[in-house]
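For reference, the structure is listed below as structure tokens.
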Number of protein chains: 2
Amino acid sequence: MTEEEFLKQYNIHDFDVPLCTVDIAIFSLINNELHTLMVLREEHPFKGKWALPGGFIHLGEDDSTESAAHRTLRQKTGMKSAYLEQVKTVSSPKRDPRGWSLTVLYFALVDINQVKRIDTDKKSTWMPLSDLKQHDLAFDHIELIRSATNRLHAKATYTALPIELMPTEFTLTELQHVFEMILGRELQAKAFRNRVLSANMVAETGNSKISGKRPAKLFKSTGVNREMFFNRPLME
Amino acid sequence: MTEEEFLKQYNIHDFDVPLCTVDIAIFSLINNELHTLMVLREEHPFKGKWALPGGFIHLGEDDSTESAAHRTLRQKTGMKSAYLEQVKTVSSPKRDPRGWSLTVLYFALVDINQVKRIDTDKKSTWMPLSDLKQHDLAFDHIELIRSATNRLHAKATYTALPIELMPTEFTLTELQHVFEMILGRELQAKAFRNRVLSANMVAETGNSKISGKRPAKLFKSTGVNREMFFNRPLME
DNA sequence: TCAATAGTGTCTTTCAGACACTATGCT
DNA sequence: AGCATAGTGTCTGAAAGACACTATTGA
């Protein structure tokens, strides 16, 4: 048989195949707390439960799981681009009652001020991470969120990725507080500032922010944080 | 409709679904060189080309993509357990001529002395990494191998994972040479030894190896390398 | 005794941690 | 002037880099 003949007779529907989805944990800062965007499932299975945004890959529309993730992100937040990173692929015969399933998990970091639109057709909400355990989420999404959070936590110790969560202008103290929230512990101002400043990850905007007492210089991201790795982690 | 009714009428074959596979780059040391196990494709597509071991998930047999990877590893090397790590999931409508496809990539590190059996039904070979570019591999497998190699390289800078490639007993100089091969540069004996010894990643066996001149102490892995991360990378 | 490989002593450099200190602007 | 927050000076310690040095064996 030639390859052409083979491809002609090949039909994926002759085989048992897994269900194949993409899920994204979209993280954002609201009132100095980490939130993740959740959508209410309006169909079975897990109807009425909160779930991560995502779903089946649209074979005609998506060029990769990453572009499926971008599409979802666009639909839910109106953002054309944002930091998006693949976390891992999780699979099991049990995690979806419809059958053997596999999901490619991503996480995104967005500045909440850039979020333009939230799909009105589906009920969705920004849920603080601290509230998650009180909800009985769909599928294994609580586990997925934990995996995404762990990745974010790890990245905060050896990169400056959390800058992606910040508004256009921010003070270094504000940035430090975000890191502290993600890492769950306090940081030394000196070490923290040395690190981001000497790596040129932020640049002064010339503006400052008066929050009552001494005004703090405002900084903006230089974008270096997307690729740069520090060669020592923050603490152990 | 109840969930039960929904599940009863749900049929995955009503939808367009991607092809879904698992591939593994199985790395091993042969004659002081990194090799990866390749199998000859005996069917279309890419018939007659070399490819990474792997293939479709067996829904009845595999509990996850990881167990599909373990099954493949067992079939190709006879090894029940070995270091196995998920690298990433790669997808595209073009990478497989049969249609939209997705593969979950793993890499494994094996001690070549523990490899018991190589499937006799499929032609397979250990290919040195340096030879790969001379071959026209199936699918995007050359890219997948590059991704797996990059991961191994990164891990060698901040963990002692390459210990998994070593035989039961080895000298520190031999281990250092393996790191040097993976990293593509020379290391300082002092720094290298301090690092693995103070982390208790290896333990003396009491034996030594005479290779002509001063005998070198033999060490064995303590297994610590699987989880331990150094808090500074080797060089930049 | 010498060649060759194994393994160490020790100085430098880098950067995080600790923490006391100074700076600024509002009230 | 006082106070709260912004931001710095400077010492310590841990671990990597450099590189000269010593140790052990067989021939």
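What you see is a predicted model; the values in this text were computed from it and never measured. Every chain is numbered from 1 and lettered A, B, ... according to where its sequence line falls, protein lines coming before strand lines. When reading the values below, keep in mind they use all heavy atoms of this one structure, side chains included, and skip hydrogens, waters and symmetry mates.
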Cation-pi check for B/F107 against B/R151: NZ or CZ below 6.0 Å from the six-membered ring centre and within 45 degrees of the axis, yes or no? no
Check whether the ring centres of B/F229 and B/Y158 lie less than 6.0 Å apart, and answer yes or no. yes
Using the ring of each side chain (for Trp, its six-membered ring), is A/F139 parallel, tilted or perpendicular to A/F46, with breaks at 30° and 60°? tilted
On a plain distance test, is the side chain of B/K190 in donor-acceptor contact with the base of D/dG17 below 3.5 Å? no
D/dT8 base to A/R193 side chain: any donor-acceptor pair below 3.5 Å? no
Looking across every strand, which nucleic acid part, if any, lies under 4.0 Å from A/A216 by heavy atom: base, sugar-phosphate, or nothing? sugar-phosphate
Can you list, by residue number, the residues of residues 194-206 of chain A that have a non-hydrogen atom closer than 4.0 angstrom to DNA chain C? A/R195
Residue whose nearest DNA chain C nucleotide is more 5′ - A/Q188 or B/R214: B/R214
What nucleotide among C/dG7, C/dA3, C/dG25 has an atom nearest to a side-chain atom of A/P215? C/dG25
Aromatic contact between A/F219 and A/F170, with the criterion being ring centroids under 6.0 Å apart: yes or no? no
Does the C/dA16 base have a donor-acceptor partner in the side chain of A/R232 within less than 3.5 Å? no
When you measure from the centre of the six-membered ring of A/Y83, is the NZ or CZ of A/R226 closer than 6.0 Å and no more than 45° off the axis? no
Pair B/T89-A/T89, side-chain donor/acceptor within less than 3.5 Å: yes
Considering only heavy atoms, which members of residues 155-167 of chain A lie under 4.0 Å from some atom of DNA chain D? none
Pairs touching residues 30-41 of chain B that satisfy side chain to side chain donor-acceptor pair (under 3.5 Å), sequence neighbours left out: B/E33-B/S130
Walk me through whether A/K220 and A/E204 qualify under salt bridge (charged side-chain N to carboxylate O under 4.0 Å, His left out). CA-CA 6 Å; A/K220 63 183 176 201; A/E204 288 187 41; over 6 Å; no
Report the residue (B/K213 or B/F219) whose heavy-atom-nearest nucleotide on DNA chain C is the more 5′ of the two. B/K213
